[in-house]
Number of protein chains: 2
Amino acid sequence: MGRLATTADVFAAIAEPKRREIIEVLARQGAMAVNAIVHTLKLAQPAVSKHLAVLKEVGVVSSSKRGRQRVYRLRGEELKAVHDWVKMYEQFWSHQLNSIRARAEHAAREQAANSKKDES
Amino acid sequence: MGRLATTADVFAAIAEPKRREIIEVLARQGAMAVNAIVHTLKLAQPAVSKHLAVLKEVGVVSSSKRGRQRVYRLRGEELKAVHDWVKMYEQFWSHQLNSIRARAEHAAREQAANSKKDES
DNA sequence: CGAATATATTCCAATATTGGAATATGTCAA
DNA sequence: TTGACATATTCCAATATTGGAATATATTCG
């Protein structure tokens with residue numbers, strides 16, 4: 001069928017490069033009005049507002065009013081989910097040789113357990 | 001205009017839940033034929049092949065022939081990019097209070113530097 | 001109130017994505 | 001060679017996404 005909503009989860013939200021840039025800028029500045037982001041990243045205002053809406057929907061940013069401005073702030077807690085997920089595979093890029101062996105042994109154990117199902 | 005290709009980078013590749021599942025299974029098993037993935041995840045074979053193609057395009061998996069099977073293996077090195085990126089924001093979820101203060105101070109310094117540009 | 005500023009929203013076109021069905025390709029086995 | 005098996009590819013429909021232009025919605029100021 002179709003494809004799944006970008007607002008579904010954090011992984012989809014940070015898949016868009018411009019949104020990652022917004023996150024980076026917000027992390028540096030701490031809190032910014034929309035216009036500040038527009039000027040910093042040289043994006044169109046509607047585009048920025050839309051990206052912020054997506055990030056807010058997922059909980060990566062929060063906003064508050066200040067005069068006629070709307071100030072956005074990074075709420076990195078949501079990014080922890082990504083960190084935790086990807087960290088599970090840390091062994092795959094660190095300690096190259098050791099991890100390869102460890103992985104192979106682990107796999108061997110797993111396969112011994114359910115040898116009849118997989119690998120047909 | 002349109003949207004950008006999902007095969008562009010790792011972030012887009014792991015944005016799709018089914019692909020994350022494939023990564024998880026490959027990490028556990030070490031190496032799997034397509035059929036093993038099909039049975040484990042209960043997905044249709046063409047769907048699995050397509051997802052594997054995307055993952056391979058980005059470099060997250062590699063494949064090798066073994067008889068009439070094609071064995072896929074996780075190449076987690078590519079995931080390091082995601083890890084590195086998201087780790088930059090670790091302060092936003094760990095040591096809650098300390099990091100908030102540190103961030104505020106950092107922002108204050110930044111803003112003092114270019115106070116006339118931003119925040120209008 | 002009326003004008004200006006800041007931001008959000010709507011509408012639109014171009015394009016990408018996903019899953020499913022059918023089919024193609026490749027490889028082993030008898 | 002023929003058939004069975006494993007996987008990839010193509011074609012299709014439904015849907016989502018992105019950016020841009022125009023417009024709507026506050027909110028402040030004079």
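For the numbers below, each heavy atom of this structure counts, side chains included, while hydrogens, waters and symmetry mates do not. Numbered from 1 within each chain, the chains take letters A, B, ... in sequence-line order.
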Just list the side-chain donor-acceptor pairs under 3.5 Å for residues 45-56 of chain B, sequence neighbours left out, or say none.
residue : atom : partner : partner atom : Å
Q45(B)  : NE2  : S49(B)  : OG           : 3.2
H51(B)  : ND1  : R19(B)  : NH1          : 3.3
K56(B)  : NZ   : S63(B)  : OG           : 2.7

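To the nearest angstrom, C1' of dT9(C) lies 15 Å from CD of E57(A). Rounded to whole angstrom, the span from the NZ atom of K42(B) across to the C1' atom of dG20(C) amounts to 20 Å. Rounded to a whole Å, the CG atom of L43(B) is 14 Å from the P atom of dA8(D). Going from atom CD of Q69(B) over to atom C1' of dC28(C) covers 11 Å, rounded to whole Å. When the C1' atom of dT9(C) is taken as reference, atom NZ of K56(A) falls 14 Å away, rounded to whole Å.
From M32(B), atom CE reaches atom OG1 of T40(B) across 3.5 Å, with rounding to the nearest 0.5 Å. Within the model, atoms CZ of F92(B) and CG of L74(A) stand 4.5 Å from one another, a figure rounded to the nearest 0.5 Å.
A sub-4.0 Å separation between OP1 or OP2 of dG19(D) and a side-chain N or O of H51(A) is present. Listed pair N35(B) / dC5(D) fails the phosphate criterion, with no side-chain N or O lying under 4.0 Å from OP1 or OP2. The phosphate of dA6(D) (OP1 or OP2) has no side-chain N or O of Y72(B) nearer than 4.0 angstrom.
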So which protein N/O to nucleotides 21-25 of chain C N/O distances come out below 3.5 Å?
none

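Closest to the E16(B) side chain, of the nucleotides dG20(C), dA6(D), dG19(C), is dG19(C).
Here R68(B) pairs with nothing under the side-chain hydrogen bond (donor to acceptor under 3.5 Å, both in side chains) rule; sequence neighbours left out. In terms of the side-chain hydrogen bond (donor to acceptor under 3.5 Å, both in side chains) criterion, K18(A) has no residue partners (sequence neighbours excluded).
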Protein-to-nucleotide contact annotation, 5' to 3' order, nucleotides 24-30 of chain D [B base; S sugar-phosphate only; - none; under 4.0 Å, heavy atom]:
---SBS-
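Legend: ring pair (Phe, Tyr, Trp, His ring centres under 6.0 Å) pairs involving residues 9-31 of chain A, not counting sequence neighbours, sorted by first then second residue: F11(A)-W85(A).
Within the 4.5 Å cutoff, no side-chain heavy atoms of E16(B) are placed close to those of R20(B). Side-chain contact between L79(B) and I14(B) is present, with heavy atoms from C-beta onward closer than 4.5 Å.
A salt bridge is defined here as a Lys NZ or Arg NE, NH1 or NH2 lying under 4.0 Å from an Asp or Glu carboxylate O, and E90(A) with K87(A) meets this definition.
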